[in-house]
Amino acid sequence: LLIEDGLIAGMGPEEESPDGIDRVLDAKGGWILPAFVDCHTHLVFAEWRNAEFVDRIRGLSYQEIAQRGGGILNSAEKLRRLTEDELFESSLQRLLQSAATGTAAFEIKSGYGLDTESELKILRVVRRLKQVSGLPIRATFLGAHAYPAEFRTDHAAYLRILTDEMIPEIAAQGLADYCDAFCENGFFSTEEVDQLFTAATAHGLRPRLHTNQFTHSGGIDLAIAHGALSVDHLEVCDDREIEALLKAPGTAPVLLPYAAMFMGLHHPPARKMIDAGLGIVLASDFNPGTSPNPSLSWTWTLACTQMKLLPEEALNALTINPAFNLDFQDRVGSLAPGKEAHLLLIKPISD
C-alpha cells in the first residue's frame, strides 16, 4: 500500500512496489482496514451527566429524567455557561480521543444550546474542530433536540425561533450541512418537525432525523417525505416501516447499538433489515449522558453479538456506508487510490 502526501497512491503485490520509498512499515502479518466513519455524534458538550447514570440504575426512564430537568436540558444549562474557547478545548480533546480509537471522519451535532447564541457557539466550535484537525467533518444543526424549559408550554414560540431566527442565521454563516430533530412523544411531533424541515430545506440544509427510539412516532414516514438523508435510532421499527425504507434508498437507517445497550432498550432489528435487502449504517451516538463511548470498535462488537450482523456486514456499516451517507465516499471509507490514508492496522487474524 503506497502512501504519498497523505493519500493512497497505489496498491498491489510487494514485488511491484516502486523504488526509492522513504519509509517502510511492516504490518507483520496484520491487516489494514479503512478507518471508521462516525455519522452520528454529539461530542461538543460541556460536561458528563454522571448523576443520571445512577438515576437510570435506580429505575428512572429517559423521559422521567428529562421531565426533572435532566438529560438534554441539563447539558444545555451547563453549556450556556462555557465560553466558546472553553468549549472548543474540551471538544478538541474528545475529538482526538475518538480519532485515537480508529475514527477518521465525523458528523457532529449541535443541540445542547437550545437558544440562538448557544447553538451558533456549538456550530462555530464544530467549524474550528474541522479546521484544526483537518479531518472530514460534517455539521448538523439540532436545535430541535428538546424544548427549553422557558418554552415548555409555548412550543409555537420556540419553533418560530428555530425557523425564523436560527436556521436563517446558520445558513447565512455556512455553519451547518444538515438539520436534525428529535421526533418522539414528549419532544417534537411530526407536525412540528414538518415545519422545521420545510424551513431547513428552503435554506439549503438537508434533513436527518432522530426517531423511533421509544415509539412508532411517525418520524420515518415524515423523514422519507422530506428526502431526509437518515433516520437514526429505530429501536422501534416494524415490517411496514422497513418496507417504506426499502422504497426510499436515499434515506439510510442509522443504528446506534451502544446507546440502546447503555439505556437498556431493545436493539434495532438490524438483521431483519439486512435480510430484507436494506442497507444500514452504524454509529456511536457519542454523547455525555446516554452513549458516553466514542469507540466504534465497541459498536462493531455489539452489532455482531447483539444484532447478529456478520463481521463484514458491520464493517461495511462502519466505513463505506456512512462515508456515502456523509458524501465523503471520495475521501474515506475504503482502501482505494486517491482516498485519504486514514488506516487501521490490526493484529493478524486467524481462521
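All values below were derived from every heavy atom in this structure, side-chain atoms included, with hydrogens, water molecules and symmetry-related copies excluded.
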Charged N-O contact under 4.0 Å between [X] and [Y]:
{"X": "Asp327", "Y": "Arg206", "result": "no"}
{"X": "Lys121", "Y": "Glu84", "result": "no"}
{"X": "Arg124", "Y": "Glu117", "result": "yes"}
{"X": "Lys308", "Y": "Glu313", "result": "no"}
{"X": "Asp115", "Y": "Arg80", "result": "yes"}

Rounded to the nearest 0.5 Å, what separates atom [atom1] in [X] from atom [atom2] in [Y]?
{"X": "Leu7", "Y": "Arg331", "atom1": "CG", "atom2": "CZ", "value": "9.5 Å"}
{"X": "Leu135", "Y": "Ile108", "atom1": "CG", "atom2": "CD1", "value": "9.0 Å"}
{"X": "His42", "Y": "Ser291", "atom1": "NE2", "atom2": "OG", "value": "8.5 Å"}
{"X": "Phe141", "Y": "Leu120", "atom1": "CZ", "atom2": "CG", "value": "8.0 Å"}
{"X": "Leu196", "Y": "Ile167", "atom1": "CG", "atom2": "CD1", "value": "4.5 Å"}
{"X": "Lys78", "Y": "Leu87", "atom1": "NZ", "atom2": "CG", "value": "13.5 Å"}

* To do: Go through the steps to decide whether Thr299 and Leu318 satisfy the test side-chain contact (heavy atoms from CB on, under 4.5 Å), and finish with yes or no.
  => CA-CA 9 Å; Thr299 299; Leu318 290 165; 4.1 Å; yes
* Tell me, please, whether Tyr158 has Arg152 positioned over its six-membered ring: NZ or CZ under 6.0 Å from the ring centre and within 45 degrees of its axis? =>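 Here Arg152 fails the 6.0 Å and 45° test against Tyr158.
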* Asked: Any idea how His145 and Tyr112 line up, ring-wise: parallel (<30°), tilted (30 to 60°), or perpendicular (>60°)?
  ->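 Judged by the thresholds at 30° and 60°, the geometry between His145 and Tyr112 is tilted.
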* Output field: ring centroids Phe182/Phe188 closer than 6.0 Å ->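 Ring centroids of Phe182 and Phe188 are no less than 6.0 Å from each other.
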* Asked: Ring centroid separation for His155 and Tyr147, is it under 6.0 angstrom?
  ->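 For His155 and Tyr147, the ring centres are under 6.0 Å apart.
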Does the side chain of [X] pick up a donor-acceptor pair with the side chain of [Y] at under 3.5 Å?
{"X": "Arg49", "Y": "Ser75", "answer": "yes"}
{"X": "Thr211", "Y": "Ser217", "answer": "yes"}
{"X": "Glu184", "Y": "His210", "answer": "no"}
{"X": "His233", "Y": "Asn212", "answer": "no"}
{"X": "Asp180", "Y": "Thr140", "answer": "no"}
{"X": "Arg138", "Y": "Asn325", "answer": "no"}
{"X": "Asn316", "Y": "Thr319", "answer": "no"}
{"X": "His226", "Y": "Asp194", "answer": "yes"}
{"X": "Gln173", "Y": "Glu169", "answer": "yes"}
{"X": "Thr41", "Y": "Lys109", "answer": "no"}
{"X": "His267", "Y": "Glu235", "answer": "no"}
{"X": "Asn293", "Y": "Ser295", "answer": "no"}

Over all atoms of both residues, closest heavy-atom pair of [X] and [Y]:
{"X": "Phe106", "Y": "Ala99", "answer": "CZ-N, 4.1 Å"}
{"X": "Gly219", "Y": "Thr190", "answer": "N-CG2, 4.1 Å"}
{"X": "Pro257", "Y": "Leu282", "answer": "CD-CD2, 4.0 Å"}
{"X": "Leu246", "Y": "Leu278", "answer": "CD2-N, 3.7 Å"}
{"X": "Ile122", "Y": "Gly113", "answer": "CD1-N, 3.6 Å"}
{"X": "Phe45", "Y": "Ser91", "answer": "N-OG, 4.1 Å"}

4.5 Å side-chain heavy-atom contact, [X] and [Y]:
{"X": "Val254", "Y": "Leu234", "value": "no"}
{"X": "Met166", "Y": "Ile161", "value": "yes"}
{"X": "Thr201", "Y": "Leu205", "value": "no"}
{"X": "Ile8", "Y": "Leu2", "value": "no"}
{"X": "Leu296", "Y": "Thr103", "value": "yes"}
{"X": "Met273", "Y": "Pro253", "value": "yes"}
{"X": "Leu33", "Y": "Leu343", "value": "no"}
{"X": "Leu344", "Y": "Ile32", "value": "no"}

Cluster link [X] to [Y], ILVMFWY, side chain under 4.5 Å:
{"X": "Val281", "Y": "Ile224", "answer": "no"}
{"X": "Leu162", "Y": "Leu114", "answer": "yes"}
{"X": "Phe286", "Y": "Leu129", "answer": "yes"}
{"X": "Leu142", "Y": "Val126", "answer": "no"}
{"X": "Val236", "Y": "Phe187", "answer": "no"}

Indicate yes or no for a side-chain donor-acceptor contact from [X] to the backbone of [Y] under 3.5 Å, with no hydrogens or angles considered.
{"X": "Ser189", "Y": "Asn185", "value": "no"}
{"X": "Glu241", "Y": "Asp238", "value": "yes"}
{"X": "Trp300", "Y": "Pro311", "value": "yes"}
{"X": "Asp285", "Y": "Ala259", "value": "no"}
{"X": "Glu107", "Y": "Leu326", "value": "no"}

* To do: Please indicate whether Glu14 has more than 12 foreign heavy atoms, meaning atoms of other residues, nucleotides or ligands, lying under 6.0 Å from its CD.
  =>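 Atom CD in Glu14 is not packed in, count stays at 12 or less.
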* Take atom CH2 in Trp48; do more than 12 heavy atoms of anything else shown fall under 6.0 Å from it? ->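 Yes, because the 6.0 Å sphere around CH2 of Trp48 holds more than 12 heavy atoms from other groups.
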* Is there a side-chain contact (heavy atoms from CB on, under 4.5 Å) between Ser230 and His40 once you walk through the steps? -> CA-CA 10 Å; Ser230 70; His40 184 128; over 6 Å; no
* Evaluate the criterion side-chain contact (heavy atoms from CB on, under 4.5 Å) for residue pair Lys339 and Leu335; output intermediate values, then yes/no. => CA-CA 7 Å; Lys339 291 196 175 185; Leu335 305 181; over 6 Å; no
* To do: Give the C-alpha distance, both sets of side-chain angles, the deciding distance and a yes or no for side-chain contact (heavy atoms from CB on, under 4.5 Å) between Trp298 and Thr101.
  => CA-CA 10 Å; Trp298 272 90; Thr101 68; over 6 Å; no
